[in-house]
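Residue numbers begin at 1 in each chain, while the letters A, B, ... track the order of the sequences.
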Amino acid sequence: MKNIIKDLIRKSLYKINKDKSILIENIEVNLCKDKKFGDFSSNIAMKYSNQYKTNPKDLAKEIIKGIEKNENIVKVEIAGPGFINFFVSKGSQFSVITQILNEKNLFGKNEIGANLNVLIEFVSANPTGPLHVGHGRGAAYGDCLSNLFKESGYNVSKEYYVNDAGKQIDILTLSVLQRYHQLIDESINLDYEDLYKGDYVWDIAAEVHRNNNTKFFIKDLNNLYNSDLDTYILNVKNNLSQEKFKKIKSTSVDFILDNIKKTLNISGVDFDSWFSESTLVTNNDLKDIINYLNKNNFTYEKDKALWFKSMDLGDEKDRVLVKENKDHTYLSTDIAYHNNKIKRKFDHVINIWGADHHGYIPRINGAFNIFSKGKSKLTILLVQFANLYRGKDKVSMSTRSGEFVTLEQLLKEVGKDATRFFYLARKADQHMDFDIELAKSNNSNNPVYYVQYAHARICSIFKQSKENNMDFKFNKKFLELLAEEEELNIVKKLSYYPEVIKKSALRYEPHLLTNYMKELAQEIHSYYNKSQILVEDEELRNARLSLIEACRYVFLNSSKIIGISMPEKM
RNA sequence: GCGCCUGUAGCUCAUUUGGAUAGAGCAUCGGAUUUCUAAUCCGAGGGUAGUAGGUUCGAAUCCUACCAGGCGCGCCA
């Protein structure tokens with residue numbers, strides 16, 4: 001309908017002045033909030049009155065004069081400072097019900113991403129501990145975005161980048177070794193700063209011990225200690241042997257990854273691929289990009305380290321790729337990783353990061369452009385951390401100290417549906433406060449129940465209709481009988497649905513969809529309280545059933561995208 | 001100090017990328033079930049959109065300055 005109106009305006013404008021014709025993309029038509037302004041309105045006259053050297057109202061009059069007759073449009077009028085308001089015929093409004101009942105699960109799909117491959121990388125938490133509530137937000141966001149892209153026709157691959165190389169993992173390994181030693185000999189006291197202290201470290205140590213007994217025991221572990229962590233790690237590696245250290249390392253990483261996968265599974269998030277950082281080192285991808293950068297003058301040596309000239313690419317300073325001790329930095333493998341993404345020929349590469357990584361964007365963007373040469377587009381989306389509260393007390397979150405609420409705990413306390421909906425109900429780049437007490441103590445406060453209840457009510461009506469031999473029969477002609485204000489509101493809302501999907505996908509904003517669901521639910525609850533659906537009049541009854549059946553499909557389709565269940569009974 | 005993000009009702013957030021009278025939920029107060037589920041509905045109160053300027057037909061939205069908060073500024077990841 002919107003497009004029909006846009007086209008009518010375009011044609012009218014063309015009549016007025018052929019030379020200055022305006023592209024259809026520049027014509028805005030919006031749904032009206034207030035029905036006294038009609039169904040759709042356009043601001044075109046106000047926007048372009050300057051260009052046409054006239055005032056908005058006169059231009060609006062001219063445009064209206066030139067608008068062709070159309071069976072769907074009942075009335076066109078000027079209002080306010082120059083809005084052109086369109087009143088649409090009932091029949092054309094109700095056609096969306098027929099459309100939904102025909103398309104069913106396909107209603108809302110669009111093709112803006114047809115033939116485009118998109119890679120969306122998210123969560124990618126270091127395998128040094130369980131996922132916490134911050135990761136949960138990124139997980140829900142990335143997963144929902146993927147669904148929105150799929151609904152919009154893209155080929156989507158979801159990937160988790162596993163940082164299984166580097167210093168943090170060595171520190172984890174060391175932490176496990178310490179606990180392992182303490183398990184064997186309680187008199188050993190090895191509580192050093194900078195090591196991971198969560199209970200899960202004990203669990204890993206116990207598993208190592210169960211499977212290997214004292215195989216990894218170092219008698220004088222205490223003597224290997226050095227306040228410089230790198231030295232300490234090196235000492236342990238040399239004493240234990242590189243191979244044994246690696247064994248503990250992979251056991252630890254596997255243990256934690258299993259736990260992460262389990263938690264994601266509970267969240268309803270699954271990945272198409274798990275990309276291991278260490279493979280970039282073993283398969284020469286890392287060497288290749290460093291050679292390439294060297295050859296093409298993107299690097300230099302200083303203080304025995306190799307530097308990346310990221311300043312030339314918009315970063316605030318240059319960054320180290322290879323450290324003085326010849327270890328590679330996280331950045332260097334990350335560049336190799338992004339080059340790998342480009343080699344896999346994705347049209348669009350999307351990264352979802354925690355907002356604390358925002359300073360990292362310029363250097364990755366710069367590197368990405370070097371390798372993609374315009375063939376692939378990179379978008380980095382930031383997710384703000386969720387501040388967790390227990391009542392009024394802010395819960396401090398530190399992976400190191402082990403004092404944090406895990407995502408698994410949150411899911412257990414609040415439930416998958418509520419957790420996902422809550423995470424997605426606000427803009428990703430907005431800070432959010434999550435009060436566990438509130439979420440726990442009063443479930444009805446949670447909007448997800450409100451939406452689910454609306455759906456359950458619809459299902460209940462259909463159940464009732466069958467029990468009373470009032471089986472639903474669809475007939476397009478009956479729709480004309482819908483005349484209640486609530487019915488018209490709902491129909492309008494339904495026609496807006498495909499646009500919400502498009503908009504949420506293009507703007508990376510799933511909260512638009514959760515908002516929409518809340519609004520539709522609200523319309524339905526109002527309607528339900530005001531009007532009886534299962535009335536004696538068979539035609540009116542079926543018209544009303546058609547309407548709520550259409551709503552039911554929209555709830556089903558949208559809940560699938562958000563990743564929550566839609567129970568038929570509550 | 002520099003950079004990025006944010007500031008909307010007592011609280012948590014929206015506001016369809018610049019539109020018409022800034023809206024919901026929670027909380028407070030008052031109403032609604034002999035009728036499809038009261039996890040619901042209807043109504044009331046509650047606002048200098050951080051502050052001050054600017055841009056234009058029109059600003060919560062864009063620009064500038066200031067104020068407040070968050071994050072970042074490693075040869076950590």
Task: Residue matched to B:rA9 through Watson-Crick or wobble contacts both under 3.5 angstrom - done: none
TODO: Taking only the side-chain heavy atoms of A:Asp429 (C-beta and beyond), determine which of B:rC75, B:rU6, B:rC36 contains the nearest atom.
DONE: B:rU6
Open item on the list: Quick check on side chain to side chain donor-acceptor pair (under 3.5 Å): which of A:Gln522, A:Glu486, A:Glu487, A:Glu484 does A:Tyr527 satisfy it with?
Closed with: A:Glu487
Task: Closest to side chain of A:His525, choosing from B:rC13, B:rA77, B:rC41 - done: B:rC41
Open item on the list: Please determine whether any donor N or O and acceptor N or O are separated by less than 3.5 Å between the side chain of A:Ser41 and the base of B:rA20.
Closed with: yes
TODO: Would you indicate what A:Lys569 reaches in the nucleic acid, counting non-hydrogen atoms under 4.0 angstrom: base, sugar-phosphate, or nothing?
DONE: base
Open item on the list: Once you apply a heavy-atom cut-off of 4.0 Å, does A:Phe462 come out as touching a base, just sugar-phosphate, or nothing?
Closed with: nothing
Task: Residue A:Gln522, side-chain heavy atoms: nucleotide from B:rG25, B:rA77, B:rA14 that is nearest - done: B:rG25
Task: Strand partner of B:rG1, provided both Watson-Crick or wobble distances fall under 3.5 Å - done: B:rC73
Task: Chi-based syn or anti call at B:rU33, which uses purine or pyrimidine torsion atoms and a 90° bound - done: syn
Task: Strand partner of B:rG18, provided both Watson-Crick or wobble distances fall under 3.5 Å - done: none
- [ ] Assign A:Tyr516 to base, sugar-phosphate, or nothing according to its heavy-atom contacts below 4.0 angstrom with the strands shown.
- [x] nothing
Task: Residue pair A:Glu277 / A:Thr333, side-chain donor-acceptor N/O under 3.5 Å - done: yes
- [ ] Just compare B:rA14, B:rA77, B:rG70 and give me whichever is closest to any side-chain atom of A:His431.
- [x] B:rG70
Task: B:rU21 base / A:Lys36 side chain donor-acceptor hit below 3.5 Å - done: yes
- [ ] Using modelled atom types only, decide if a donor and an acceptor are shared between the side chain of A:Asn110 and the backbone of A:Ile112 within a distance under 3.5 Å.
- [x] yes
Task: Exam field: side chain A:Arg541 to backbone A:Val535, donor-acceptor pair closer than 3.5 Å - done: yes
Task: Distance, C1' atom - from B:rU48 to B:rC4, rounded to whole angstrom - done: 29 Å
Open item on the list: Among B:rA77, B:rG69, B:rC75, which nucleotide has an atom closest to any side-chain atom of A:His357?
Closed with: B:rA77
Task: Point-to-point distance, once rounded to the nearest 0.5 Å, from CZ of A:Phe478 to CG of A:Leu540 - done: 10.5 Å
Open item on the list: Under 4.0 Å, counting only non-hydrogen atoms across every strand here, what does A:Asp230 touch: a base, just sugar-phosphate, or nothing?
Closed with: nothing
Task: Under-3.5 Å donor-acceptor pair between A:Asn85 side chain and B:rA20 base - done: yes
Open item on the list: Check this one for me: any side-chain N or O of A:Arg457 less than 4.0 Å away from OP1 or OP2 of B:rA38?
Closed with: yes
Task: No-H, no-angle donor-acceptor pair, A:Asp356 side chain to B:rG72 base, under 3.5 Å - done: no
- [ ] Kindly say if A:Ser526 contacts the phosphate of B:rC42, meaning a side-chain N or O under 4.0 Å from OP1 or OP2.
- [x] yes
- [ ] Consider only side-chain N and O atoms of A:Asp318 and A:Tyr300, and report whether a donor and an acceptor are under 3.5 Å apart.
- [x] yes
Task: A:Phe83-B:rA20 aromatic stacking (under 5.5 Å, under 30°) - done: yes
Open item on the list: Tell me whether A:Tyr450 and B:rA39 count as stacked here, given that the ring centres must be under 5.5 Å apart and the planes must differ by less than 30 degrees.
Closed with: no
Open item on the list: Under 4.0 Å, heavy atoms only, any strand: does A:Ser460 hit a base, just the sugar-phosphate, or nothing?
Closed with: base
Task: Selection from B:rU15, B:rA77, B:rC36 that lies nearest to any side-chain heavy atom of A:Leu534 - done: B:rC36
Task: Side-chain donor/acceptor of A:His358 to base of B:rC71, under 3.5 Å - done: yes
Open item on the list: Could you tell me how far B:rU15 sits from B:rU8 if I compare only their P atoms? Round to whole Å.
Closed with: 14 Å
Open item on the list: Suppose you measure atom C1' in B:rG31 against the same atom in B:rG70; what distance do you get, rounded to whole Å?
Closed with: 43 Å
